[in-house]
Amino acid sequence: MSVLRQPPSSTRSVPRLLPLTLMNPPMVAKHTPCTMHLSILPPELACKLFYTMLDLSQSWKRNKWWLFDRVVESPHRTSFYARKTDGVESDNSWQEAAQYWYNGRQTDPPNVFPDVMEEACLYVENMVNKEMQTRPRLPLEWAGRGSEGQIWRANVAASNCYEGTKDSVGFHSDHLTYLGPYPTIASLSLGTTRIFRLREVVPSEEMHSRRAQTFNIPLPHNSLIIMHASTQEKFKHSIPPQSTLDLYRPLFPHHSRLEHPLEPSNCRINITFRFYRPDFRPQSIPRCNCGVPTILRPDMKNRHDGQTDKYWWTCHAGAQNEGKGCSFWQVMDMKAEGRGPTISGVGCNER
């Protein structure tokens with residue numbers, strides 16, 4: 001008696017890739033579009049900034065939004081800060097004029113950078129600009145200059161507190177609504193070491209030939225990881241829960257409690273410095289049929305070479321409106337929408 005067997009598959013299965021841990025800056029630069037920088041701040045400044053943000057984090061909130069038919073809550077606390085000026089013009093009223101939206105709702109006016117964050121930001125800006133001068137620029141990157149001639153200037157910062165082993169954030173790419181295409185984001189880590197996880201989104205046309213690679217990057221106290229242009233278009237990132245962690249042991253006492261003994265902490269403070277582009281101000285963002293500003297997403301599955309990548313505006317009202325949004329969808333057209341200047345528009349590939 002013959003046994004019926006399933007015919008062999010006509011396509012060879014693509015093997016899965018094991019996660020790879022990137023332990024040092026050369027490994028990060030080799031495998032990802034990111035760079036890692038250790039001891040970015042003077043030690044005492046890093047410790048002072050950690051204490052300041054940890055104190056402020058007691059009043060930070062956990063974001064809430066609708067996902068399908070239920071409300072979900074982010075498993076970490078967060079807050080948002082803006083600089084006194086936008087870094088391009090000297091107008092210090094830009095925060096009040098800018099009505100930002102996040103997860104489908106209008107945000108409160110942002111807090112101004114605390115003095116110690118402002119001091120730390122100068123070190124971060126210096127490193128980001130130094131790195132960007134060595135890298136090819138992509139066509140839709142902003143080609144303007146900061147008020148002091150910089151390529152990149154931080155004018156906002158999203159701050160997060162991950163307390164203990166369970167606080168986390170799932171895989172995501174950052175919304176590009178105010179950042180525009182190919183943003184550069186500088187992420188400063190303070191306190192206990194946590195894993196920063198990157199996973200590439202494989203383009204549709206390559207899915208038959210390769211699998212996505214996941215990278216785990218331990219981020220210690222006083223380290224900076226710069227997510228350079230194309231990171232948000234090619235990768236998603238997360239901070240996963242951990243079964244254990246090493247407590248952070250400060251080298252310096254709290255600046256307002258000098259007589260108190262040094263205490264270890266199980267918290268990681270993360271400050272992501274960003275540049276909100278002048279050509280993507282809130283007033284310029286299309287609104288969907290719900291009357292709510294849309295969000296800008298990259299076409300991650302159909303990306304190409306950085307020359308012909310596409311982005312679209314889509315409804316995000318459902319994040320707050322009991323999960324109910326509309327079908328609004330519109331391809332972003334930089335020229336028609338009057339955005340720029342961009343690298344391609346000025347006819348050069350700056351370094």
Side-chain angles (χ1 to χ4, degrees), residues 25 35-60 77-96 98 109-133 145-162 179 183-194 196 219-228 248-258 260 262-263 265 267-276:
T35 54
M36 182 182 182
H37 308 272
L38 304 177
S39 301
I40 185 68
L41 304 178
E44 190 167 1
L45 175 60
C47 199
K48 184 177 181 181
L49 181 57
F50 171 75
Y51 284 132
T52 298
M53 302 308 285
L54 187 63
D55 290 345
L56 291 172
S57 74
Q58 302 307 307
S59 62
W60 297 353
R77 301 193 304 276
T78 188
S79 189
F80 187 73
Y81 294 84
R83 227 165 181 176
K84 294 178 181 178
T85 68
D86 68 355
V88 180
E89 301 172 351
S90 299
D91 182 10
N92 59 10
S93 67
W94 80 287
Q95 300 172 52
E96 291 77 9
N111 297 309
V112 177
F113 280 21
D115 290 342
V116 65
M117 185 195 290
E118 185 73 40
E119 185 180 353
C121 186
L122 299 178
Y123 289 90
V124 172
E125 283 183 333
N126 181 61
M127 181 57 71
V128 171
N129 279 277
K130 181 179 177 181
E131 282 289 331
M132 290 183 69
Q133 289 170 5
R145 294 278 179 163
S147 56
E148 299 174 10
Q150 312 96 320
I151 299 175
W152 183 87
R153 181 81 189 270
N155 51 22
V156 298
S159 299
N160 306 292
C161 178
Y162 299 90
L179 300 170
T184 296
I185 299 175
S187 179
L188 176 65
S189 293
L190 303 167
T192 189
T193 298
R194 292 294 298 265
F196 176 70
L219 297 180
H221 171 70
N222 198 14
S223 64
L224 180 75
I225 190 156
I226 304 174
M227 293 184 279
H228 291 284
Y248 166 58
R249 301 182 185 279
L251 295 176
F252 301 91
H254 193 293
H255 46 279
S256 66
R257 298 190 289 271
L258 297 178
H260 290 223
L262 298 177
E263 295 184 357
S265 173
C267 292
R268 172 188 180 244
I269 294 293
N270 167 233
I271 307 173
T272 56
F273 293 98
R274 308 155 186 247
F275 172 57
Y276 273 13

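Computed from heavy atoms alone, side chains included, the values below leave out hydrogens, waters and symmetry copies.
Counting only heavy atoms from C-beta outward, the side chains of E131 and H37 approach each other to under 4.5 Å. Put simply, the side chain of S79 reaches to within 4.5 Å of the side chain of N111, judged on heavy atoms. Using a 4.5 Å cut-off on side-chain heavy atoms (C-beta onward), F275 and N155 make contact. P25 places none of its side-chain heavy atoms less than 4.5 Å from the side chain of T35. Looking only at side-chain heavy atoms (C-beta outward), R153 and C121 stay at 4.5 Å or farther from each other. Using a 4.5 Å heavy-atom cutoff, the side chains of L56 and Y81 are in contact.
Between C47 and Y248, the shortest heavy-atom distance links the atoms SG-OH, 3.7 Å. What you find for I185 and T272 is that their closest heavy atoms are CG2-CB, 4.1 Å. When all heavy atoms of M117 and S159 are compared, the closest pair comes out as CE-OG, 4.1 Å. Taking each heavy atom of Y51 and H255 in turn, the nearest pair found is CB-CE1, 3.9 Å. Taking all atoms of both residues into account, the shortest heavy-atom contact from A186 to V124 is CB-CG1, 3.6 Å. Of all the heavy atoms in L54 and S57, the pair that sits closest is O-OG, 2.7 Å.
More than 12 heavy atoms of other residues, nucleotides or ligands sit less than 6.0 Å from atom CD of E118.
N222 places a side-chain N or O within donor-acceptor distance of the main-chain N or O of L41, the cut-off being under 3.5 Å. R77 contributes no side-chain N or O that, together with a main-chain N or O of C161, makes up a donor-acceptor pair within less than 3.5 Å. A donor-acceptor contact shorter than 3.5 Å is absent between the side chain of Y162 and the backbone of T192. N129 places a side-chain N or O within 3.5 Å of a backbone atom of W152 that can act as its donor or acceptor partner. S189 places no side-chain N or O within 3.5 Å of a backbone atom of N270 that could act as its donor or acceptor partner.
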Open item on the list: I'd like to know whether F80 forms a side-chain contact (heavy atoms from CB on, under 4.5 Å) with V156, so could you lay out the CA-CA distance, the side-chain angles of the two residues, the decisive distance to 0.1 Å, and finally the verdict.
Closed with: CA-CA 7 Å; F80 187 73; V156 298; 3.7 Å; yes
- [ ] Give the intermediate values and the outcome of side-chain contact (heavy atoms from CB on, under 4.5 Å) for residues T184 and I151.
- [x] CA-CA 11 Å; T184 296; I151 299 175; over 6 Å; no
TODO: Would you check, one step at a time, whether the test side-chain contact (heavy atoms from CB on, under 4.5 Å) holds for Y276 with L179?
DONE: CA-CA 5 Å; Y276 273 13; L179 300 170; 3.7 Å; yes
Open item on the list: Run the side-chain contact (heavy atoms from CB on, under 4.5 Å) test on F196 and S187 for me, step by step, so that the C-alpha distance in whole Å, both residues' side-chain angles and the decisive distance to 0.1 Å come before the verdict.
Closed with: CA-CA 10 Å; F196 176 70; S187 179; 5.8 Å; no
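Separation of atoms CG (D115) and NZ (K48) is listed at 8.0 Å; rounding is to 0.5 Å. Atoms OG1 and CG, on T78 and N160 in that order, are 4.0 Å from each other to the nearest 0.5 Å. Expressed to the nearest 0.5 Å, how far CZ of R249 lies from CD of E263 amounts to 11.5 Å. Taken from CG in L219 to CG in L190, the straight-line distance is 11.0 Å, to the nearest 0.5 Å. Between the CE atom of M53 and the CZ atom of R268 there is a distance of 12.5 Å, given to the nearest 0.5 Å.
Ring orientation note: the planes of F113 and F273 are nearly perpendicular, at an angle over 60° on the 30°/60° scale.
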